[in-house]
Amino acid sequence: MIQVLIVDDDPDIRDLVAHEVRQQGWDLLQAGSDAELTELLRQRTPDIILLDIRLPDQDGLTIARRLRAASTIPIIMLTGMGSDVDRIVGLELGADDYVVKPFNPRELIARIKAVLRRTSAGAMVPAPTPSPGHDCRRFAGWMLDLSARLLTDPDGNPVSLTNAEFLLLEAFLDAPRRVLSREHLLERTHSFEADVFDRTIDVLIMRLRRKIESNNPAPRLIRTERGAGYVFDADVEQMGQRRSD
């Protein structure tokens, strides 16, 4: 059973979420403060955390930073209207999405499902080296084996990617140093999904940056072209045979 943990000091919000979550047949865990969250996480490991920005004993951004440093549990931030800076910082710190209060309960459930689908798409099975004849792309010391769906860092260590992250990186490597629109990237990564939201690509970009950028606050490989999209700013060398498709 999926376990959803909501961290919010407002009992009315917790009751609303509890009703919607249980309607899905999921289990709900509740915490009203950072102290309660810390104690609960000593005993349970939820599948996803709904984290309020404003808590009585600690701010949600600090908690998100701490959680992301210690685990990969997906996080959806619950933010107030007009808190654009908080939302952006939350995503940069590793949150997977955010929902603005007051929220539509059905939208919240849809976002939970979308985040769980993205984060549980499955890590690739690592292989020590790419097989001869595989279609591979090398960039900035990294190598992506498209045939084996394997990414290795400059030190030769395998780096796990979800399916969506792999498709996003593949799209960039197919068109280096070209501006790719958010619509194009959405089509390449989520063409099979019906419930894709406007911020899906932005969140996915941040997740990929955390894996391949050495200085994430100042990304070098994946640059944002404001109002246009994103650019993969690196030379890409093709190795091995080209795929027939």
Side-chain angles (χ1 to χ4, degrees), residues 68 72 74-77 84 87-100 107 110-124 135-153 159-238 242-245:
R68 186 50 69 236
T72 59
I75 300 170
I76 295 180
M77 305 297 295
D84 289 343
R87 294 196 288 271
I88 294 170
V89 172
L91 291 172
E92 291 286 0
L93 289 176
D96 297 273
D97 202 352
Y98 66 83
V99 174
V100 178
E107 179 188 359
R111 288 188 178 277
I112 291 173
K113 289 179 178 179
V115 169
L116 288 175
R117 183 161 50 248
R118 293 199 304 267
T119 56
S120 65
M124 300 182 303
D135 183 13
C136 302
R137 309 289 169 84
R138 188 181 297 278
F139 63 95
W142 293 73
M143 186 169 66
L144 181 67
D145 185 331
L146 295 169
S147 304
R149 299 173 71 88
L150 172 68
L151 176 67
T152 51
D153 68 15
V159 177
S160 66
L161 295 175
T162 64
N163 183 61
E165 290 166 351
F166 171 82
L167 293 174
L168 178 63
L169 182 56
E170 181 183 32
F172 279 130
L173 298 186
D174 282 344
R177 304 193 188 279
R178 286 170 47 192
V179 178
L180 301 180
S181 69
R182 296 168 76 254
E183 291 75 15
H184 173 78
L185 294 174
L186 273 171
E187 183 179 350
R188 287 288 300 264
T189 59
H190 292 82
S191 59
F192 52 88
E193 293 186 17
D195 57 346
V196 177
F197 300 98
D198 290 343
R199 292 181 294 271
T200 298
I201 280 297
D202 301 318
V203 173
L204 188 57
I205 290 284
M206 291 176 188
R207 295 174 65 87
L208 183 58
R209 277 174 171 164
R210 291 202 299 267
K211 294 187 176 183
I212 68 173
E213 298 274 11
S214 59
N215 186 14
N216 190 260
R220 179 176 60 88
L221 293 174
I222 304 175
R223 290 193 297 101
T224 302
E225 288 290 329
R226 298 197 180 279
Y230 295 94
V231 175
F232 192 77
D233 197 9
D235 293 327
V236 177
E237 176 188 3
Q238 181 166 332
R242 183 182 295 273
R243 295 170 303 164
S244 59
D245 59 349

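Only heavy atoms go into these numbers, but all of them, side chains included; no hydrogens, no water, no symmetry mates.
- Remark: Asp153 does not engage Lys211 in a salt bridge, criterion side-chain N to carboxylate O under 4.0 Å.
- Interatomic distance, Cys136 SG to Leu173 CG, rounded to the nearest 0.5 Å: 11.0 Å.
- Side-chain contact between Leu208 and Leu204 is absent, with no heavy atoms from C-beta onward closer than 4.5 Å.
- Annotation: side chain of Val179 is not in contact with side chain of Tyr230 (no heavy-atom distance under 4.5 Å).
- Of the possible donor and acceptor atoms, one in the side chain of Arg209 sits under 3.5 Å from a partner among the backbone N and O of Ile222.
- One finds the CD1 atom of Ile76 at 7.5 Å from the CG atom of Leu116 (value rounded to the nearest 0.5 Å).
- When all heavy atoms of Leu185 and Ala171 are compared, the closest pair comes out as CD2-CB, 4.1 Å.
- When atom types are taken as modelled, the side chain of Glu225 and the backbone of Val231 share no donor-acceptor pair closer than 3.5 angstrom.
- Taking the side chain as every heavy atom from C-beta outward, Val236 and Arg177 never approach each other to under 4.5 Å.
- Of the possible polar contacts, one joining the Ser147 side chain to the Asp135 backbone as a donor-acceptor pair under 3.5 Å is found.
- Between Leu169 and Phe139, the closest side-chain pair of non-hydrogen atoms falls below 4.5 Å.
- Between Glu213 and Arg220, the closest heavy-atom pair is OE1-N, 2.9 Å.
- Salt bridge absent: Asp235 and Arg138 never bring a charged side-chain N and a carboxylate O closer than 4.0 Å.
- Looking at Thr189 and Phe166, their side chains never come closer than 4.5 Å, going by heavy atoms from C-beta outward.
- Taking each heavy atom of Leu151 and Ile212 in turn, the nearest pair found is CD2-CG2, 4.1 Å.
- In this structure, the side chains of Asp202 and Arg182 come closer than 4.5 Å at one or more pairs of heavy atoms.
- Taking CZ of Arg178 as the reference point, atom CG of Asp233 lies at 14.5 Å (rounded to 0.5 Å).
- Side-chain atoms of Phe172 and Leu221, non-hydrogen and from C-beta on, never get closer than 4.5 Å to each other.
- How far CD1 of Ile75 is from CZ of Arg68: 4.0 Å, rounded to the nearest 0.5 Å.
- Taking all atoms of both residues into account, the shortest heavy-atom contact from Pro176 to Ala234 is CB-O, 3.5 Å.
- Between Arg188 and Asp174 there is a side-chain heavy-atom pair separated by less than 4.5 Å.
- Screening Arg117, Lys113, Arg111 for a salt bridge (Lys or Arg N to Asp or Glu O under 4.0 Å) with Asp97, the sole residue that qualifies is Arg111.
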